[in-house]
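A short worksheet on the structure shown next.
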There are 4 protein chains.
Amino acid sequence: MKLKDDKKYARIFGAVLKLVTKKGLAGMTMGDISKEAGIATGTLYVYFDNKDALINALFAACRENSVMVSFRGYDAQQPFKPGFRSIWMNILRYRLHNFEEFIFQEQCYHSPYITAATREKARQLAEPLYALIARGQKEQLIKNLEPDILVAFIIGAMNELVKQIHYTGSTLTKTRMNTTFDLCWDAIKA
Amino acid sequence: MKLKDDKKYARIFGAVLKLVTKKGLAGMTMGDISKEAGIATGTLYVYFDNKDALINALFAACRENSVMVSFRGYDAQQPFKPGFRSIWMNILRYRLHNFEEFIFQEQCYHSPYITAATREKARQLAEPLYALIARGQKEQLIKNLEPDILVAFIIGAMNELVKQIHYTGSTLTKTRMNTTFDLCWDAIKA
Amino acid sequence: MKLKDDKKYARIFGAVLKLVTKKGLAGMTMGDISKEAGIATGTLYVYFDNKDALINALFAACRENSVMVSFRGYDAQQPFKPGFRSIWMNILRYRLHNFEEFIFQEQCYHSPYITAATREKARQLAEPLYALIARGQKEQLIKNLEPDILVAFIIGAMNELVKQIHYTGSTLTKTRMNTTFDLCWDAIKA
Amino acid sequence: MKLKDDKKYARIFGAVLKLVTKKGLAGMTMGDISKEAGIATGTLYVYFDNKDALINALFAACRENSVMVSFRGYDAQQPFKPGFRSIWMNILRYRLHNFEEFIFQEQCYHSPYITAATREKARQLAEPLYALIARGQKEQLIKNLEPDILVAFIIGAMNELVKQIHYTGSTLTKTRMNTTFDLCWDAIKA
DNA sequence: GATGAATGAGATTTCATTCAT
DNA sequence: TATGAATGAAATCTCATTCAT
């Protein structure tokens, strides 16, 4: 008697991510997923109770992953701007390199699959970002607007940039990354 | 003799927009739409060949509408910044006041309902915005980056702001609109 | 106030006949018929109570027409064989020149559209043919088998010949008509 | 693990054949078929892509079956006439005993369900019959007409006979079979 | 646990018929 | 009478989920 197979979770998640950019969340059936993952439909139900649970689990995983990556290498001791910059770059790189995860999360956010609980949990994961903004404001380096507005601005701009870059297929040189960061920085700096 | 009723197009479109915020694009059936519109299911097929066609038509209509509104009152003779500002405000107001249309368009963009042709047509409608950016660059008022990047930045930031404002239910005072515009302007100004 | 238009009956019947070879009886909708006839769907219901009535009416018309033509020029005074021959030729020519009517009747015969009453009426129209066969048998020119069998044989063979000729697109010369008649005659002659 | 069930194909085909004589090809729904076959509607789509595919598959199966049976017991070494006779009898018996299959094929032939490919494949299966006719002509036992004409004549006559016999409910004694064969033979013999 | 056939509720679409003009 | 939009019942087909192996 075999135990649940961790590799299979990965295969299933991978399949969903691959499909979401092609078919969207709406047009993706359990049959599609199982086929893409190379397993039987029934097997999906060994690993997840139902479609909702599957989507929610992947959403949570992506979210956690994305936050972890964002703050990688961040040192609260260093001055604000370079710290903020490295986080900004982390997020940008993450979304570009994990474009499918990024799109998946976007699609989920306004879908009926995601429960209120999952949504709330996702929001909490953004806390460190709010804290960072607060620090910048305290140090009078960042405009003194509501943090919600600032975060929305920063994230919204970045999201669209990522799509732009991905869909036009343009390579992102260091210089270009710098200039786009400057756009953001000029917007929010005090 | 009964003729095809223009009001019915409006009723159908209205129904879809009402439903999309409640159920999402995925969870919206033709039955839901017809019921919401107060007509028989079969009647939907008098006006549209199928669900895809219906969604595409509404998408195109929203897109066109949104562009038309954006440039309302724009006078190319006036100096750049106030012109740009009025357009930016138009877009913001439009998305806030027609939040359902805005969400609908976002949901559509990565869905399998929208055809490549519709997507391309949507892109073309953004041309005036690109032209405006070009003018700003020519007058050396705006940073000399690729217009794609600048547009993505402006639009992305605004989209997220709109959602932020809508979901938190905060009222948008004139002062707040001004400060958010300043965020944008500071980002892109030369 | 206009009266029912005789030309319209013809247009409707013509449309059905044109469609039956293309789409078959099964795949033919009232919409198809009205479009092909160049009238509105609703108008069909001015002329016929419903689809069944329409099909039955056309079936009856075809049947009557086909019988009328079969015995055209037949003179009961002339000797049997030439009389039988001319009738046989009449039937063959009719089916070839009115191939659509012929196919339509075949399709109807085993369809749920045709009522038992219509079917029975159709059978009665074949009476003269039975009478003819009886005469041939009385004159000991034709095999003394049950008339049903003989008629089935003659008609069945001819029907298949007609299709053969029509679909291969071969032209039917006088000589070929004669040889095919001889096939039939050799079969049934005493 | 459950595997696709060959018996289920048979059940489905059986259901269609049972229904076609009752309701005709037109009036037969997928719901009717599944009910008659004692399975769920959805299950039909496990076995066939759609209604067309189902009808085409059954048509092909009937055709193949009918040809196989026709030449059962045929020995090319024996003289022509008894060989031809045994095949003729095979075909007649097959159509009588599998009347539903026979009617189904007839209904299909001019229906929109059957694709050109299926039609062509059906034609090819008739080749052995053409070869047989050719042999008879070579041995100068059969009239020297185009084989198409002869086959059409033989088959057409038989088809109508079969219907005649079936619908009148008359039992087919050996003597009657012989006399009807003689009709056919007298027609085509040199 | 793994499989994929089986299920049936529900989605999309069709179409004979009606109805307002 | 003529029109063709409107209807809704019924047809086809899909798909999340279950179940037998």
Whole angstroms only, please: what is the CZ-P distance between A/F48 and F/dT18? 16 Å

Could you check how far CZ of A/R11 sits from P of E/dT3, rounded to whole Å? 8 Å

Measure the spacing between CG of A/N98 and CD1 of A/I103 and express it to the nearest 0.5 Å. 12.0 Å

Could you tell me whether the phosphate oxygens of F/dA5, OP1 or OP2, come under 4.0 Å of any side-chain nitrogen or oxygen in B/T43? no

Measure the distance from CD1 on C/I33 to P on F/dA2 and round it to the nearest whole Å. 17 Å

Could you check whether A/L44 gets within reach of a base, just the sugar-phosphate, or nothing at all, counting any heavy atom under 4.0 Å? nothing

For the residue pair D/K163 and D/E106, establish whether any side-chain heavy-atom pair is separated by less than 4.5 Å. yes

Canonical and wobble pairing (Watson-Crick, G-U, under 3.5 Å) of DNA chain E, dot-bracket with |: .||||||||||||||||||||

Check whether any side-chain heavy atom of D/H166 sits under 4.5 Å from a side-chain heavy atom of D/F102, and report yes or no. no

Protein N or O to nucleotides 11-13 of chain E N or O, pairs below 3.5 Å:
{"unit_1": "E/dT12", "atom_1": "OP1", "unit_2": "B/K51", "atom_2": "NZ", "d": "2.9"}
{"unit_1": "E/dT12", "atom_1": "OP2", "unit_2": "B/M30", "atom_2": "N", "d": "2.6"}
{"unit_1": "E/dT13", "atom_1": "OP2", "unit_2": "B/Y45", "atom_2": "OH", "d": "2.8"}
{"unit_1": "E/dT13", "atom_1": "OP2", "unit_2": "B/K51", "atom_2": "N", "d": "3.1"}

Without decimals, in angstroms, what is the distance between C/I39 CD1 and F/dG4 P? 10 Å

Selection from E/dA5, E/dT3, F/dA2 that lies nearest to any side-chain heavy atom of C/V46: F/dA2

Which whole-number value in Å describes the distance from D/D5 CG to F/dA20 P? 15 Å

Please find out if less than 6.0 Å separates the ring center of D/Y167 from that of D/F99. yes

Can a side chain N or O of D/K8 be found less than 4.0 Å away from OP1 or OP2 on E/dA6? yes

Looking at A/R95 and A/N159, would you say the former's side chain and the latter's main chain have a donor-acceptor pair under 3.5 Å? no

Just wondering, do A/S34 and A/T43 contact through their side chains at under 4.5 Å, heavy atoms? no

How many whole angstroms separate atom CG of B/D6 from atom P of F/dA6? 11 Å

Do any N or O atoms from the side chain of B/N65 and from the backbone of B/A61 form a donor-acceptor pair under 3.5 angstrom? no

Picking from E/dT7, F/dG4, F/dA5, the nucleotide nearest the side-chain atoms of D/A40 would be E/dT7

Taking the six-membered ring for Trp, is the centroid-to-centroid distance between A/F48 and A/Y9 below 6.0 Å? yes

Once you round it to whole Å, what is the distance between C1' of F/dT14 and NZ of A/K23? 12 Å

Can you tell which of A/Q105, A/R123, A/Q124 makes a side chain to side chain contact (heavy atoms under 4.5 Å, CB included) with A/R63? A/Q105

Roughly how many Å is it from CD1 in D/I12 to P in E/dA6, rounded to a whole number? 8 Å

